[in-house]
Colleague: 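Here it is: the structure, laid out below.
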2 protein chains.
Amino acid sequence: MANQELTAAANPVQQNGVGPYNTLEWRPAAGGQPEALLLLDQLLLPHKAVMVACLDYLAVGQAISTMQVRGAPALGVTGAYGMALAAIRSAATRPDELLADLAIAGKHLYETRPTAVNLGWAINRCQKLALRLVQEGRSVEEIRAELLTLAKQIHEDDIRINRQMGAFGAELIPDGGQVLTHCNTGALATAGFGTALGVIRAAHEAGKKIHVWVDETRPYLQGARLTAWELHQLEIPYTLITDSMAGHLMSRGQVQFIVTGADRIASNGDTANKIGTYSLGVLAHAHDIPFYIAAPLSTIDLSIPDGSHIPIEERSVVEVTTIGGTRMAPEGAKAAHPAFDVTPARYIHGIITERGVARPPFNDSIKALFEEE
Amino acid sequence: MANQELTAAANPVQQNGVGPYNTLEWRPAAGGQPEALLLLDQLLLPHKAVMVACLDYLAVGQAISTMQVRGAPALGVTGAYGMALAAIRSAATRPDELLADLAIAGKHLYETRPTAVNLGWAINRCQKLALRLVQEGRSVEEIRAELLTLAKQIHEDDIRINRQMGAFGAELIPDGGQVLTHCNTGALATAGFGTALGVIRAAHEAGKKIHVWVDETRPYLQGARLTAWELHQLEIPYTLITDSMAGHLMSRGQVQFIVTGADRIASNGDTANKIGTYSLGVLAHAHDIPFYIAAPLSTIDLSIPDGSHIPIEERSVVEVTTIGGTRMAPEGAKAAHPAFDVTPARYIHGIITERGVARPPFNDSIKALFEEE
C-alpha cells in the first residue's frame, strides 16, 4: 500500500508523445518490480516533478483522495488502472471471487471523489466488462489481462478525445484574443493533453496569438500551481490573477473568451465545475463574453435532467483556513468549503466535446451528439 | 526611524472604549520616552497582537507602505498623526522653516498609498491649518501643539462618524439575515469601530441575529486575517469563504445583504474599493440582493465626476504569486495585481454615511448630504 517515489528525472516519461510531461503512465512488471500506475504527484508541483508508483488499488484511492491526481478525465483513467491493479493484486483463484474483490475495490475507489462522474463511469465500465467475462466463462488470468487492456484503451481514448476537443474549440478562440480559464484542465487534469486548457493549447499550436488569464483558483490553487506550470512548460503567454480580478478585467475589455472544464454536466447543460465557475458565468453574461465548457461526453450525465441533481462535495475547511500549510485565519475560525458550484445552462454559449460543439438548447444538441455514437 | 515593538499584553490599550482592541493610539512623551504613534501591527495578525511605536513621520510612512496599518479611514488618522510627528520632530526654529518641513513630510506620506483619498484629505487639512497659523503669526511650538490637537480631533471624529454610520446602516440589515462582506472595514481599518463592519457590528449590538460571510479577500487576505479576527473578538457569528464562493452562496439564497467599504467614491457614486468588489456588485445585481457601501463623507471625492478618474494602484505581484511567504506559482510566473476595482453606481443600492444613506441618483443625494454641513 505504500507509495514509492521515483524522480521524474530518473524516469523520463514520454510514452504518449503529447508534451514535455506525463500525468500518468502504466509501468509493466519488469526486473523484479511489480506492475504499477505511475502518477505525477501534483501536490509537489510546481516546485518538484516527482512520479509516485501506486502498487495496488488502495494506493490509487489514496492518491485520488489526497489529490496527488485530480481532474475529472484523469480520475477516470486512474480509476480504470486502479481496477486493473485490484484484479492483478487479487488473491482470487475463481472468477466469482475476483468479481467480489472488484466490487469492494470499485466501491472504495468510487467513494474517494463522489462528484466526478468520470471516476464512476470508468469503474462501472471495468465492472461490467468483468461481469461479462465471468459470464462468458473466462479465466481469472484472462479477466486480469482484459481489465488492463480496457484501462489502456480508456487512457488512449482520453488523449485522442482531448485532441479532438482541442481542434473543435481552437476554432472558436479569436486570433489575438485574451482567454480566461479557471482551475486546471490541462494535461495534468487528463491523461495527457487537456480539456479547456487543451482547447487553448490547440489554438496556440494552430498559430493563433493568444494570451491566457489564469485564475489562481482558491482554495486549492490549481491555477497558480498547475495551470501556470503547464503554460510555462508549453511556452504559451499567460498572466496569473486572483479569482477576484476576473470581473475587473472583463469590465476593462481585457477578456474576449472564457473556457473552463466540467466535473459533471446535466442533460440540460447545467454544469458542475470548480467553485468560482458560476461567478465567471454570471460575469461573462453581464459583459457579453463568450463562455464555453470543454468536456468529453463521458462528463455528461444523461441520468440527471438538471444541475439540482448534482451533489456538491464539501471538502476540508483546512484548505480555506490555511494555504500551503500556513494558517491564514485565526485559530478556531469557522469556514466553508463547497468544492464545486453549478453554472446554469443559460450562461453557457457552448459545450465543446470530442464530437463537436453542443449549442443551446442543450437538451437537443447533447442528445444529438450522443446519437452519433 | 526605527520601529519599536511593544507587546499589546504589556501595554493594554483601551483608551477609546470602543472594543477589546485598538488600531492606533497616541502615546504622549513620558518617563524619558518620546511621543509616538502606536499602531497595532496588522501584518502579525491574526497570530500576534503587537503594538509598534512610530517615532517620526518616516516610520509612519513605512508602516503605511508595508501595510502594518491599512484601511482608508485609518490611513487618514495615521496621516494626521504622521504630520503631527513631522512637526514635533522638525528642527525648525522659524514658522516658515516648519512649513517647508511639513511640505516634505506631506508629500512623502501622500505617496505611500496614492489611491486612498482619506490620506491625502488628512494631510491636506494639516497643511492648511499650519499655513493659516503661520499667516496668523503663531509660534513653532503653538503650531506643533495645534497639529497634534487636529490629529486627535480627526481620530475622535472618525470613531464618532463610524458609530453614526453603524446606526444608519444597522437599520438596513434584516433581522436573521446573512450578510456578506469583503476585505477588512472594521476597527482595524479605521480609528476604532469600523465602516462596513461597523454597520454589521451595530446591527449585532442592536440585538439583530445575523451571520456574516467573510470573503477571504485575496491576494492580501484582509478578510481571513483581519475581519475573521475582529468578528472572533466581537463574538459575532461568521463563516470564512474564498472570494470565489460568494456567487455560489448567492445562487443558493444564502446571502440577504452585502456591505463593503470604499477607498474612493466619485460624485456619481462610482466606488473604488478592494479588488473583487466589482464582481460582488455584478453578482448582487444578478441575484437582486441589496448591495451597500459604507464610507464616511471624507471618502467621497467631489472633484471627480465618475469612477474613470480614479487611479487604480498596481501593487507587487509577489502578493499574488506567494501567500504568507510561501511561493505558490512556478518560479518566473507572470502575474497581475490591480489592488482595487471600480463598481459602477448602477449596482449600488445606497451609500451609508455619517449623515444618512445616499440613494440613487447619487449625484443629487451625495450633494444633499454635503450641503447639510
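Naming convention: chains lettered A, B, ... in sequence-line order (proteins, then strands); numbering from 1 in each chain.
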Colleague: Locate the shortest heavy-atom distance separating A/Glu216 from B/Val320; write the atom from each residue and the value.
Modeller: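 Closest pair (atom of A/Glu216, atom of B/Val320, distance): OE1-O, 4.1 Å.
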Colleague: Checking heavy atoms, do the side chain of A/Ala286, its backbone, both or neither come under 4.5 Å from chain B?
Modeller: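 The side chain, not the backbone.
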Colleague: Check whether any side-chain N or O of A/His47 sits under 3.5 Å from a backbone N or O of B/Arg327 as a donor-acceptor pair, and report yes or no.
Modeller: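 Indeed, once roles are kept as given, a pair shorter than 3.5 Å links the two residues.
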Colleague: Roughly how far, to the nearest 0.5 Å, is CG of A/Leu231 from NZ of B/Lys334?
Modeller: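 Between B/Lys334 NZ and A/Leu231 CG, I get 12.0 Å after rounding to 0.5 Å.
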Colleague: Tell me, for A/Thr326 versus chain B, whether the close heavy atoms (under 4.5 Å) come from the side chain, the backbone, both or neither.
Modeller: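 Looking at A/Thr326, just its side chain touches chain B.
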Colleague: So does A/His287 have more than 12 non-hydrogen atoms from other groups sitting under 6.0 Å from NE2?
Modeller: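 Yes, enclosed.
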Colleague: Which one, A/Asp341, A/Val317, A/Ile275, leads in non-hydrogen pairs under 4.5 Å with chain B?
Modeller: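 Looking at each of A/Asp341, A/Val317, A/Ile275 in turn, A/Ile275 comes out on top.
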Colleague: So, do B/Met250 and A/Val282 sit near enough that their side-chain heavy atoms are less than 4.5 Å apart?
Modeller: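 Side chain of B/Met250 against side chain of A/Val282, heavy atoms only: no contact under 4.5 Å found.
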Colleague: Rounded at 0.5 Å granularity, tell me how far CE in B/Met328 sits from CG in A/Leu240.
Modeller: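 B/Met328 atom CE to A/Leu240 atom CG measures 10.5 Å (nearest 0.5 Å).
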Colleague: Quick one: NE2 on B/His248 to OG1 on A/Thr343, what's the gap to the nearest 0.5 Å?
Modeller: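 Going from NE2 on B/His248 over to OG1 on A/Thr343, the span is 10.5 Å.
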Colleague: I need the residue from B/Leu283, B/Ile323, B/Ile312 with the largest number of non-hydrogen atom pairs under 4.5 Å to chain A.
Modeller: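 Most heavy-atom pairs within the cutoff with chain A belong to B/Ile323.
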Colleague: Can you list every pair that meets side-chain hydrogen bond (donor to acceptor under 3.5 Å, both in side chains) and has a residue in residues 238-247 of chain A, with sequence neighbours left out?
Modeller: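 Passing the test, one end in residues 238-247 of chain A: A/His211-A/Thr239, A/His232-A/Tyr238, A/Thr242-A/Ser244.
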Colleague: Check whether A/Leu280 gets within reach of chain B through its side chain, its backbone, both or neither, counting any heavy atom under 4.5 Å.
Modeller: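 It is neither, since no heavy atom gets under 4.5 Å.
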Colleague: Do other residues, nucleotides or ligands put more than 12 heavy atoms under 6.0 Å from B/His285 NE2?
Modeller: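 Check fails, neighbour count at 12 or below.
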Colleague: Does anything in residues 221-230 of chain B reach chain A? List residues with heavy atoms under 4.5 Å apart, or say none.
Modeller: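 So far as heavy atoms go, B/Leu221, B/Ala224, B/Arg225, B/Ala228, B/Trp229 are the residues that approach chain A to under 4.5 Å.
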Colleague: Just verifying a value: how many Å separate B/Ile241 CD1 and A/Arg218 CZ, rounded to the nearest 0.5 Å?
Modeller: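 So the CD1 of B/Ile241 and the CZ of A/Arg218 are separated by 11.5 Å.
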Colleague: Go through the atoms of B/Leu249 and report whether side chain, backbone, both or neither lie under 4.5 Å from a heavy atom of chain A.
Modeller: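 Interface part for B/Leu249: neither.
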Colleague: Pick one of side chain, backbone, both or neither for B/Glu331, based on which atoms fall under 4.5 Å of a heavy atom in chain A.
Modeller: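 Contact with chain A is through the backbone of B/Glu331 alone.
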Colleague: Most heavy-atom pairs under 4.5 angstrom with chain A, which of B/Pro338, B/Pro330, B/Ala336?
Modeller: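 It is B/Pro330.
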Colleague: With a 4.5 Å limit on heavy-atom distance, are the side chains of B/Met245 and A/Ser279 in contact?
Modeller: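 Answer no - side chains too far apart.
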